[in-house]
Novice: 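Please see the structure below; I have some questions.
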There are 2 protein chains.
Amino acid sequence: MTPTADVDKGGNDEGGSDEERNARTVTRDGGSGATGVDPQQLWLGPAQPRRGRRPAFSREAITEAAVALADAEGLEAVTMRRVAERVGAGVMSLYSYAPDKETLLELMVDHVSGELPTASGLTGDWRADLREVAHLQRELMLRHPWLPAALSTRRVPGPNTLAFLERALAALRPTGLDGAAKLEVFAQLTGFVAGHVAHELAQASVARSPSRVAAEARYLAAMAADGRHPELAGVLAAPGRAQDPEATFARFLNRLIDGLGSD
Amino acid sequence: MTPTADVDKGGNDEGGSDEERNARTVTRDGGSGATGVDPQQLWLGPAQPRRGRRPAFSREAITEAAVALADAEGLEAVTMRRVAERVGAGVMSLYSYAPDKETLLELMVDHVSGELPTASGLTGDWRADLREVAHLQRELMLRHPWLPAALSTRRVPGPNTLAFLERALAALRPTGLDGAAKLEVFAQLTGFVAGHVAHELAQASVARSPSRVAAEARYLAAMAADGRHPELAGVLAAPGRAQDPEATFARFLNRLIDGLGSD
DNA sequence: TCTATTTCCGTACGTTGTACGAGAATAGAG
DNA sequence: CTCTATTCTCGTACAACGTACGGAAATAGA
């Protein structure tokens, strides 16, 4: 549905001509007490099993349904029941493709990350290249407004995420930073973009509800009127011009990236 | 329990000597279709009602119980049942003090924000003052690791949050920015700190589980070995020294703040 | 004492994620 | 072809959640 370019299944299909072999049971980590799923199992899980009933669905189809649902109605609309309904499967069938809901969220994140252009575009000016990386991330998050929230929990990067990380690392090559530092910069940049977009979206959403805005303004005015908040009173008295979100983003991004050179 | 300095109840207790009058039913916004609660009602709600059964608990006690629970077992341990249990109340009694769980979360956030020192400390060097603001926020978030996650949903600032905002606005006074720009800077800064601390905490938590780290390393190595991720391979080959989290925070913070001057 | 008001909370409902296990489909072995 | 091992499908069931409802209990003013 969406123009994705998945990089699933590490190139180990030996002679298999059949499609849709990325649907496979992922067993939980039986290891030493850690929650979650073995990333190896998840992302480059076995595509071998040639016995048993043939899968009626695919991990991709399920992920796409979940993404469509989140795009249309937000992350809280993504329940196992509604995803199953959309896919035409029984609820419990989903668990043959993802061991739990959290994993399904990881699949969603990596799926939409497939929309990010991964190759090309390196000018050699690492600041410009990094700006481009951030802008691509922002556009992706605006297209999938649930993404900032879904990113906020710790995850292991999937193939598409890793492909984009590769691009970011390439952009950072001229800086001569060591590995950990490059990763740190990328994480920081992603976090910054996610935070900014989340703020942007919340702002836009609140603005759509005038009564809420009015109530909040009344409340702030009442607080400012008690004399103990002179600065707040000043802000309310001279709010200034409302800015274009894109320009604000670019401004803060420039500041962050310009600052990166000093180390 | 925690050394908080609440600024509850806007100064409208007329001659009342009795304490604990901030426990009051907060009705939902009957207005034009917006979800949530009228901030006015919530934060400076009526302390008048002198009829009816006396409250057996207090909003403060309930909030403190919820905070203690979140500190000890994380945000997902904060359920209405467990909070009630801790407070010694029936579950439904909580709803006399907060109209719903989301509001309880707001109360929690504002409650711990009371730990932030609000007065003083202004050197006049706005960069230094802003750095101090950020450091205070980080320390608060490290003390209450659930805070970054709780902040991620849109909220109306409570009295304690507002008091700290006042401090930040005072720090920004020398910049001569207009009101909206100051607020934007504060939001951006808070978002940055929250993102960074969340990352820090996730890092630290993962590091405690060696099998997980090993599994992830194995996975990344396998991905890097396919030849299509040369930069990732380079990073894994030359990871560099692990850094002190505090120093990393300070470095990124400096970069962000130094960049703020250019506009 | 009566009545209005407010709080307390047991019960109950709808929704969630998911454990369990019976049945259906398939591939290879005999 | 039949048998068996394997894999997927999904109805049922359960515990935990947020919270609506409404009766009982407590209190203040009439």
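As a basis for the values below, the full set of heavy atoms in this structure was taken, side chains included, without hydrogen atoms, waters or symmetry mates. A note on names: the letters A, B, ... follow the listed sequences, proteins ahead of strands, and every chain is numbered from 1.
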Novice: Go nucleotide by nucleotide along DNA chain D from the 5' end; which of B/Lys101 and A/Ser93 gets its closest nucleotide reached first?
Specialist: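 Looking at the nearest nucleotide for each, A/Ser93 comes out on the 5' side.
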Novice: Distance only, no hydrogens: is a donor on one side chain within 3.5 Å (strictly under) of an acceptor on the other, for B/His144 and B/Glu115?
Specialist: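 Side-chain D/A pair, B/His144 to B/Glu115: present.
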Novice: Below 4.0 angstrom, which residues in residues 75-85 of chain A have at least one non-hydrogen atom near DNA chain C?
Specialist: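 Contacts with DNA chain C under 4.0 Å: A/Val78, A/Thr79, A/Met80, A/Arg81.
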Novice: Around A/Glu102, counting heavy atoms of other residues, nucleotides and ligands shown, do more than 12 lie under 6.0 Å from its CD?
Specialist: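 No, because the 6.0 Å sphere around CD of A/Glu102 holds 12 heavy atoms or fewer from other groups.
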Novice: Salt-bridged, B/Arg138 to B/Glu200, with N to O below 4.0 Å?
Specialist: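 Salt bridge present between B/Arg138 and B/Glu200.
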Novice: For A/Asp100 and A/Thr103, which I'm curious about, is there any donor-acceptor pair between the side chains at under 3.5 Å?
Specialist: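 Distance-only check passes for A/Asp100 and A/Thr103.
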Novice: Can you name the closest pair of heavy atoms from B/Trp43 and B/Gly158 and give their distance?
Specialist: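 Looks like CE2-CA, 3.5 Å.
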Novice: Between B/Tyr97 and C/dC8, does any side-chain N or O lie under 4.0 Å from OP1 or OP2?
Specialist: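 Yes, B/Tyr97 has a side-chain N/O under 4.0 Å of OP1/OP2 on C/dC8.
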Novice: Taking all heavy atoms of A/Val91 and all of A/Ala84, pick out the closest pair and write down the distance.
Specialist: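 Closest approach of A/Val91 to A/Ala84: CA-CB, 3.7 Å.
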Novice: Show me the protein contacts with nucleotides 28-30 of chain D, counting only N or O atoms at under 3.5 Å.
Specialist:
| from | atom 1 | to | atom 2 | distance (Å) |
| --- | --- | --- | --- | --- |
| D/dA28 | O3' | B/Arg50 | O | 3.4 |

Novice: A/Leu69 and A/Ala77: which non-hydrogen atoms are nearest, and at how many Å?
Specialist: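 For A/Leu69 and A/Ala77, the tightest heavy-atom pair comes out as CD2-O, 3.5 Å.
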Novice: Could you state the OH-P distance from B/Tyr95 to D/dT19, rounded to the nearest angstrom?
Specialist: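 Going from B/Tyr95 (OH) to D/dT19 (P), I get 4 Å.
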Novice: Would you please name every residue forming a salt bridge (Lys or Arg N to Asp or Glu O under 4.0 Å) with B/Glu166, sequence neighbours left out?
Specialist: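 Partners of B/Glu166 under the salt bridge (Lys or Arg N to Asp or Glu O under 4.0 Å) test: none.
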